[in-house]
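This report refers to the structure that appears directly beneath it.
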Amino acid sequence: MNMSIGRCLLALLPLVLLGWACSKPAEPANPPTPPQTNAPAASAADGAANPAAPGAYASLAGTAWEVGKYVLEFSEEPKVHISGEAVPIPGGINGQYSVKDGAITVGAAGQSKSGTWDGSSLVLEGVNAKRKAS
């Protein structure tokens with residue numbers, strides 16, 4: 001009789017395995033894709049490929065800004081000329097600037113100021129800059 005129970009269990013084993021395999025949820029043939037937005041994804045290279053992109057350094061080139069008692073005249077990165085009442089050197093001083101991902105740093109004579117540039121609005125050390133007419 002022990003033989004018949006063993007044969008019965010062996011006969012049922014494939015059915016149990018088949019039932020277990022069929023009860024697992026099927027994986028979708030095409031996995032769902034994340035929802036798409038209408039805005040294209042920005043890459044780090046966009047600012048270089050499109051110089052007028054907001055926050056791109058080239059969009060500052062050729063502009064002049066008043067920031068408090070300073071006047072900043074931007075050329076192609078990294079060149080900036082700094083003049084104004086707060087600069088003790090007659091005629092101003094040449095400095096450097098860099099823009100990355102909307103953050104700007106301007107430096108000259110061992111000093112550095114940080115802020116933001118979004119393509120139309122410049123803020124340095126919390127002071128809103130006023131664009132000068134060209």
Worksheet item: Would a 4.5 Å heavy-atom cut-off, applied to side chains only, mark F74 and W65 as touching?
Response: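 In contact.
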Worksheet item: Taking C-beta and beyond as the side chain, do V67 and L72 meet within less than 4.5 Å on heavy atoms?
Response: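 Yes, side chains in contact.
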Item to complete: Could you state whether L122 and V71 fall into the same hydrophobic cluster, counting links through intermediate Ile, Leu, Val, Met, Phe, Trp or Tyr residues with side-chain heavy atoms under 4.5 angstrom apart?
Response: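 L122 does not cluster with V71.
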Return the minimal non-hydrogen interatomic distance between [X] and [Y], and the atom names on each side.
X: S112; Y: E125; result: O-OE2, 4.5 Å
X: A61; Y: Y97; result: N-OH, 4.3 Å
X: S59; Y: W117; result: OG-NE1, 3.2 Å

Distance from [X] atom [atom1] to [Y] atom [atom2], nearest 0.5 Å?
X: L124; Y: S114; atom1: CG; atom2: OG; answer: 8.0 Å
X: Q111; Y: I93; atom1: CD; atom2: CD1; answer: 9.0 Å
X: E66; Y: K132; atom1: CD; atom2: NZ; answer: 5.0 Å
X: L60; Y: E76; atom1: CG; atom2: CD; answer: 10.5 Å

Show me the donor-acceptor pairs, under 3.5 Å and distance only, between side chains in residues 79-91 and residues at least two apart or in other chains.
residue	atom	partner	partner atom	Å
H81	ND1	N94	OD1	2.9
H81	NE2	G91	O	2.7

